[in-house]
Amino acid sequence: MLGIWILMGGVAGLAGMAGLHSARRDRRRESLRAEKLEETDHRMIEELFPIWKVVPDETRALAEGWIQVFLAEKSFEACGDLDEVTHEMRLAIAAPACLLIAHRPQDYYERLKSILVYPVAFKSRDDRDGSETVRLGESWGTGSVVLAWQSVRQGDANPQDGLNVVLHEFAHQIDQADGAADGVPEFELLEDYGRWSQAFAPAYKAFCERVEQGKRSVLDDYGAESPAEFFAVATETFFERARGMKREEPDVYREMARFYQMDPASWGRVPSH
């Protein structure tokens with residue numbers, strides 16, 4: 001009997017420690033989110049990620065708060081021939097990643113521990129058959145995102161081509177948060193899953209058929225690889241080619257706007273360099 005009480009006391013102690021750690025983490029994050037970015041950082045983000053210039057003030061303020069948390073908590077590691085991950089590189093990655101979660105703090109990348117940065121495209125080995133492919137980015141559900149800096153820079157700098165490797169890979173992180181990379185992110189309400197499926201399932205099927213027929217659309221063909229890739233490509237397109245997406249894929253756009261709680265089609269046009 002005494003052993004049971006000791007065991008129960010130990011479990012209660014662990015739960016109490018976990019709760020204390022969570023409370024401290026939340027206070028630390030609240031403090032970080034209240035900090036303002038330096039004016040030089042504002043200018044650097046706008047230069048690196050021009051979409052930032054047209055993001056509504058409320059959304060930008062929320063995203064900037066999460067940038068502070070992201071930079072404080074995530075580890076950036078230089079890989080390949082890259083000497084270091086500079087502050088500029090960290091901002092260029094953090095800004096698009098945190099824009100995605102600006103209105104959805106529940107999607108903050110809790111599992112993500114490290115961002116591995118290569119200078120250029122890198123080789124990735126498929127554990128299933130040992131084959132190697134050249135990649136611009138990868139998202140691992142085990143706690144890492146891998147990015148090629150050259151692709152990050154090109155994707156951020158061209159805000160109207162529908163291609164942004166950071167938005168793409170961090171959409172995968174959001175998708176993988178529930179443990180499955182299936183193109184269905186985690187929702188709070190059951191009816192949201194039904195609405196998402198009603199919009200995305202027929203759109204994905206029709207999109208794959210168009211790709212097979214060689215017909216182009218506002219979405220990049222890579223989205224036909226799987227429902228997970230369709231969601232990641234749709235996310236890139238949602239932020240970079242919003243008007244075209246709203247016109248060609250209105251149902252998908254509506255659900256994306258509901259999910260991210262943003263309407264990029266209503267934002268102004270990004271001024272050219």
- Message: Any non-hydrogen side-chain atom of Y118 less than 4.5 Å from a side-chain atom of W149?
- Response: no
Worksheet item: Counting N and O atoms only, with roles assigned by atom type, does the side chain of Q150 sit under 3.5 Å from a partner on the main chain of V120, one being a donor and the other an acceptor?
Response: no
Starting from the C-alpha separation in whole Å, work towards a yes-or-no answer on side chain to side chain donor-acceptor pair (under 3.5 Å) for H103 and E58. CA-CA 10 Å; H103 293 280; E58 178 191 2; 4.8 Å; no
When rounded to the nearest 0.5 Å, the distance separating NE2 of H168 from CZ of F231 is 10.5 Å
ask   = If you group Ile, Leu, Val, Met, Phe, Trp and Tyr by side-chain heavy-atom gaps below 4.5 Å, do L62 and M256 land in one group?
value = no
Hits for salt bridge (Lys or Arg N to Asp or Glu O under 4.0 Å) against R254, two or more places apart or cross-chain, chain-then-number order -> D251
request  = Please assess R29 against E73 for the test salt bridge (Lys or Arg N to Asp or Glu O under 4.0 Å), listing each intermediate value before the final yes or no.
outcome  = CA-CA 9 Å; R29 288 180 178 174; E73 293 186 352; 2.9 Å; yes
How about CD on E30, more than 12 heavy atoms from neighbouring residues, nucleotides or ligands closer than 6.0 Å, or not?
no
Minimum side-chain heavy-atom gap V270-P50 below 4.5 Å | yes
On a heavy-atom basis, the closest approach of L112 and V145 is CD1-N, 3.7 Å
Note: R60-E46 ion pair, threshold 4.0 Å (strictly below)
yes
Correct closest heavy-atom pair for L167 and P96 would be CD2-O, 3.6 Å
When you compare the side chain of I51 with that of N164, does any pair of heavy atoms fall below 4.5 Å?
no
task: Answer yes or no: are there more than 12 heavy-atom neighbours, outside E38 itself, under 6.0 Å from its atom CD?
output: no
Nearest heavy-atom contact between Q68 and L32 is CB-O, 3.4 Å
Is Y222 linked to L163 within one hydrophobic cluster, defined over Ile, Leu, Val, Met, Phe, Trp and Tyr using a side-chain heavy-atom separation of less than 4.5 Å?
no
**Asked** Can the ring centres of W196 and F200 be said to be less than 6.0 Å apart?
**Response** yes
*Under the salt bridge (Lys or Arg N to Asp or Glu O under 4.0 Å) criterion, do R43 and E47 qualify, and how do the steps go?*
CA-CA 6 Å; R43 292 196 297 268; E47 177 66 25; over 6 Å; no
For A171 and A232, the nearest pair of non-hydrogen atoms, with its separation, is CB-CA, 3.9 Å
Do E64 and K36 come close enough that some side-chain heavy atom pair is under 4.5 Å?
no
Checklist line | S197 side chain to G194 backbone, donor-acceptor under 3.5 Å | finding: no
task: Please step through salt bridge (Lys or Arg N to Asp or Glu O under 4.0 Å) for the pair E249 and R210, ending with a clear verdict.
output: CA-CA 13 Å; E249 299 285 356; R210 288 199 301 271; 2.9 Å; yes
Rounded to the nearest 0.5 angstrom, the CD-CG distance for E138 and L116 is 9.5 Å
Q. Hey, what's the ring geometry for F187 with Y193, parallel, tilted or perpendicular (30° and 60° as the breaks)?
A. perpendicular
R153 meets the salt bridge (Lys or Arg N to Asp or Glu O under 4.0 Å) criterion, sequence neighbours left out, with none
### Task
Determine yes or no for a side-chain-to-main-chain donor-acceptor pair under 3.5 angstrom, with D175 supplying the side chain and A181 the backbone.
no
Value for CG (L147) from CZ (F76), rounded to nearest 0.5 Å, stands at 9.0 Å
For F239 and P264, the nearest pair of non-hydrogen atoms, with its separation, is CD2-CG, 4.1 Å
So NZ of K113 and CD1 of I115: to nearest 0.5 Å the spacing works out to 11.0 Å
Look at E240 together with R269 and state whether they make a salt bridge at an N to O cut-off of under 4.0 Å. no
Closest non-hydrogen atoms of T237 and L219, given as atom of the first, atom of the second and distance, are OG1-CD2, 3.3 Å
Separation between CG (L99) and OH (Y260), nearest 0.5 Å, reads 9.5 Å
